[in-house]
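Following: one structure in structure tokens, then a few remarks.
The chain is numbered in sequence order, starting from 1. One-based numbering, in listed order, for ligands and for the atoms of each.
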Amino acid sequence: MSAAQIRYSNVAVILHWLIAALVLWNVGVVFLTGEEVPPALMESHKAAGITVLALSLVRVGWRLTHRWPPLSDHLAGWEKALARTTHVLFYLLLFVVPLAGWIMVSAGRGDPVSWFGLFDIPALPVARSRETAGLFYEVHEYAAFFMIGLLILHIGGALKHSFIDRAPGLSRMWFGNAPPRG
Ligand code: HEM
Ligand code: HEM
């Protein structure tokens, strides 16, 4: 079976798109609302971000216990290296970005985060400190910007393989008849 004809497992597909939707929501909320993000949307940013953190724990657990499906053999060697590097960096940033945000607000006002009005998530046990909050603001911002850069590369790659190379790209990260792997 050629590596192009397989797809990711249903669990991997669901986690991929759920996390992608939450990340895109978070980026949209801060960039589409202008200078002052309305408080309710900011609260949804925090709740969605902590959800990304929790889902990423599940996702890494899944990834480490299932073999990573080989990349499509339509990809050139350098494309494979670039794609895998992007994937690994994503896995790292899916922790760094929300964790830095959570530390920032915990060291700042230290208020709990309301999970979409359903329950409260307590602040992390870090000392209140302007310096810590300021430092993690920067980590949050730079790491998020780096992630957006990777996202552009990632989406570009997915679209190129699907629509220019006409090779299986998006279909590998979707449900279907192809045999599912990892
Ligand atoms: C912030 C949002 C996103 C993140 C963090 C992300 C992350 C990842 C990661 C880590 C993988 C590797 C597979 C795995 O272990 O699950 C992957 C695969 C993939 N992603 Fe994304 N992704 C995002 C958004 C998108 C979007 C918007 C698209 C479509 C335009 C997309 C299309 C794909 C495809 C097609 C694959 C399969 C690659 C292959 O052929 O092996 N992703 N993504
Ligand atoms: C995947 C998750 C997340 C992404 C992609 C993300 C992304 C971003 C981005 C791009 C900004 C704008 C940075 C700037 O001002 O230039 C931002 C701001 C912010 N984020 Fe996040 N974030 C995430 C998770 C979180 C979490 C979990 C929290 C807190 C619990 C949080 C709290 C904040 C706050 C308070 C700001 C506004 C900072 C300010 O301007 O005062 N974020 N985030």
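- Looking at atom 27 (C) of ligand 2, its nearest protein heavy atom turns out to be Pro98 O, 3.4 Å.
- The closest approach between Ile19 and ligand 1 stays at or above 4.0 Å for every heavy atom of the residue.
- For atom 23 (C) of ligand 2, the nearest non-hydrogen atom from the set Glu35, His140, Met147 belongs to His140.
- Using a 4.0 Å cut-off between heavy atoms, His161 makes no contact with ligand 1 at all.
- With ligand atoms numbered from 1 in the order given, ligand 2 contributes 2 (C), 24 (C), 27 (C) to contacts under 4.0 Å with heavy atoms of Gly49.
- For atom 28 (C) of ligand 1, the closest non-hydrogen atom on the protein side is Trp17 CH2, 3.4 Å.
- For atom 14 (C) of ligand 1, the closest heavy atom belonging to the protein is Tyr91 OH, 3.4 Å.
- Comparing Val30, Ile50, Leu53 against atom 12 (C) of ligand 2, the shortest heavy-atom distance belongs to Val30.
- Nearest non-hydrogen protein atom to atom 5 (C) of ligand 2 is Val97 CG1, 3.9 Å.
- With ligand atoms numbered from 1 in the order given, ligand 2 contributes 10 (C) to contacts under 4.0 Å with heavy atoms of Phe31.
- Of all the heavy atoms of Ala20, the ones lying under 4.0 Å from any atom of ligand 1 are found in both the backbone and the side chain.
- Considering backbone and side-chain atoms together, His87 places no N or O closer than 3.5 Å to any N or O of ligand 1.
- The option with the heavy atom closest to atom 9 (C) of ligand 1, from among His74, Lys80, Arg59, is Arg59.
- Looking at atom 7 (C) of ligand 1, its nearest protein heavy atom turns out to be Phe90 CD1, 3.4 Å.
- Here the CG atom belonging to Leu99 is positioned 11.0 Å from the NE2 atom belonging to His140, to the nearest 0.5 angstrom.
- Heavy-atom proximity to atom 30 (C) of ligand 2, evaluated over Phe95, Phe145, Trp102, is greatest for Trp102.
- The contact set between ligand 2 and Ala144, taken as ligand atoms under 4.0 Å from a residue heavy atom, comprises 7 (C), 10 (C).
- Heavy-atom minimum distance, Ser162 versus Gly169: OG-CA, 3.5 Å.
- Ring geometry, His154 versus His16: the interplanar angle falls from 30° to 60°, so the pair is classed tilted.
- Atom 36 (C) of ligand 2 has Met42 CE, 3.3 Å as its closest protein atom, hydrogens excluded (heavy atom only).
- Under the 4.5 Å side-chain heavy-atom criterion for grouping Ile, Leu, Val, Met, Phe, Trp and Tyr, Val11 is not connected to Trp17 through any hydrophobic cluster.
- The nearest heavy-atom contact from the protein to atom 34 (C) of ligand 1 is Met173 CB, 3.7 Å.
- Across the listed options His45, Glu141, Arg109, His45 owns the non-hydrogen atom lying nearest to atom 31 (C) of ligand 2.
- Take the N/O/S atoms of His16: the one nearest atom 21 (Fe) of ligand 1 is NE2.
- Protein heavy atom nearest atom 40 (O) of ligand 1, with residue, atom name and distance: Arg172 NE, 2.5 Å.
- Two rings, from Phe116 and Trp25, have their centers 6.0 Å or more apart.
- Nearest non-hydrogen protein atom to atom 2 (C) of ligand 1 is Leu151 CD1, 3.4 Å.
- Of the protein's heavy atoms, His154 NE2, 3.5 Å lies nearest to atom 33 (C) of ligand 1.
- Counting heavy atoms under 4.0 Å from ligand 1, residue Val23 touches it through the side chain alone.
- Residue Val105 has at least one heavy-atom neighbour below 4.0 Å for each of these atoms of ligand 2: 29 (C), 30 (C), 35 (C).
- In this structure, the protein non-hydrogen atom closest to atom 41 (O) of ligand 2 is Tyr137 CE1, 4.1 Å.
- What sits closest to atom 35 (C) of ligand 1 on the protein, heavy atoms only, is Gly169 O, 3.4 Å.
- The option with the heavy atom closest to atom 37 (C) of ligand 1, from among Trp62, Trp174, Tyr8, is Tyr8.
- The closest protein non-hydrogen atom to atom 3 (C) of ligand 2 is Asn26 ND2, 3.4 Å.
- In this structure, the side chain of Ser56 does not engage the main chain of Arg59 through any donor-acceptor pair within 3.5 Å.
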